Amino acid sequence: MPVIDAIENDLEFLTDLRRDLHAHPELGFEEERTSGIVAALLEDAGIAVDRSLAATAVVGTLQCGNGHGAIGLRADMDALAMPETGDRPYKSKVPGKMHACGHDGHTVMLLGAARHLARTRNFSGTVHFIFQPAEEGRGGARRMVEEGFFERFPCDAVYGLHNMPGLAVNEMAVVEGPQLASSDSWHVVFRGTGTHGAKPHLGRDPVTAAGYFVSGLQTIVGRVVDPLQPAVVSACAIEGGDFAALNVIPDHSSVSGTARAYSADVRDQLEDEIGRLARGIASAFGVAVDYRFERRIPPVVNDDAAAHAALEAARDVCASVRTAFPPSTAGDDFAFFSARVPGAYVWLGNGPAADGALHHNTRYDFNDDAILTGARFWTRLVERQLPA
Ligand SMILES: [Zn+2]
Ligand SMILES: [Zn+2]
């Protein structure tokens with residue numbers, strides 16, 4: 001059914017709000033002001049609001065008609081702990097904090113869709129508007145899921161969206177399969193027997209074991225993982241002994257790093273293989289080893305049906321939609337939602353990279369010209385997935 005009430009009538013309000021949020025950035029789980037504004041606007045629109053999850057999360061629920069379907073739309077609200085160096089009238093008023101990833105825009109676009117859907121009600125079913133705190137490494141999505149998001153707000157499918165410089169503001173990329181890598185940490189501690197540096201035969205040397213381990217590490221990606229499957233293993237910290245005690249072989253040495261993959265299988269493989277290598281090296285050198293693999297964020301892998309639904313909605317509202325776009329080596333904890341129910345994560349153009357500034361750059365800014373496309377996309381997705 002055609003809808004008369006047009007989203008663009010709200011554009012000036014949404015643009016002002018986006019700039020206001022940009023000027024008042026808040027870090028993960030500290031989004032008090034932002035979540036207060038979001039909750040108040042949802043309530044004003046007649047949308048049921050829940051603020052009981054994950055400290056500062058806001059979930060708005062809008063139900064229309066007799067439809068039994070339910071979908072979740074996620075926007076993240078948090079900023080980054082970094083200074084803003086770009087000059088603009090709505091520059092961050094908080095030293096050392098800025099919206100450098102465009103989450104101010106994500107928040108406003110989902111709000112725009114929520115306000116519009118609450119007015120037009122051109123759907124039948126239930127929409128959960130998920131305003132998530134703490135996407136930037138602080139675990140907001142995981143906490144929402146662990147605190148019972150899906151039990152409280154059952155969803156048949158979830159959708160996420162991120163702005164992407166380099167695509168036009170009326171352009172989106174909706175791609176099947178992997179979108180973002182897993183992001184995990186691992187820790188290896190070799191435990192030997194300390195001894196005099198001049199008498200290595202009286203101890204068991206954990207420093208040499210660490211050296212062999214690091215030099216063998218890239219054989220996991222080079223010799224074990226399928227060459228057609230992307231994977232990264234990096235040793236990023238190494239420690240052992242004391243530079244003030246160069247005649248002492250220490251008791252232990254430590255190596256830690258990161259592991260990235262685009263599939264659950266390769267992620268499991270990296271966990272297994274790093275441990276296998278560490279234990280093998282330890283055995284060869286007669287030392288003990290502690291190994292810990294810390295799963296932080298799973299990969300974001302689009303479900304085929306959810307991606308298809310997002311593609312149809314994107315094609316309704318965009319001048320062009322790309323169906324081929326390279327996955328990002330970054331992570332997004334949207335993965336905790338899409339690991340539970342089918343999900344799709346899509347990219348919305350942010351226009352040319354102004355001054356070459358990309359995500360997490362001190363001059364980055366969300367492009368307000370993209371607000372309309374994003375809000376229309378969310379609206380159209382609901383209308384298509386929960387037809388009236
Ligand atoms: Zn970011
Ligand atoms: Zn982001």
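All ligand and atom numbering here is 1-based and tracks the order in the structure. The model shown is predicted, which means the values in this text are computed figures rather than measured ones. Side-chain atoms are counted along with the backbone in the values below, which use heavy atoms only and exclude waters and symmetry mates.
Residue contact annotation: His103 places an N/O/S atom under 2.8 Å from the Zn ion (ligand 2). For residue His162, an N/O/S atom approaches the Zn ion (ligand 2) to within less than 2.8 Å. Taking 2.8 Å as the criterion, Cys101 counts as a coordinating residue of the Zn ion (ligand 1), since one of its N, O or S atoms falls below it.
Glu239 and Ser254 share no donor-acceptor pair across their side chains, judged by distance under 3.5 Å alone. Between the side chains of Ser263 and Asp265, not a single donor N or O lies within less than 3.5 Å of an accepting N or O.
Here His103 and His162 bring their ring centres to under 6.0 angstrom of each other.
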**Step-by-step side chain to side chain contact (heavy atoms under 4.5 Å, CB included) determination, Ser256 to His187** = CA-CA 4 Å; Ser256 292; His187 309 274; 2.9 Å; yes
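One finds an angle of 100° at the Zn ion (ligand 1) between NE2 on His360 and OE2 on Glu136, to the nearest 10 degrees.
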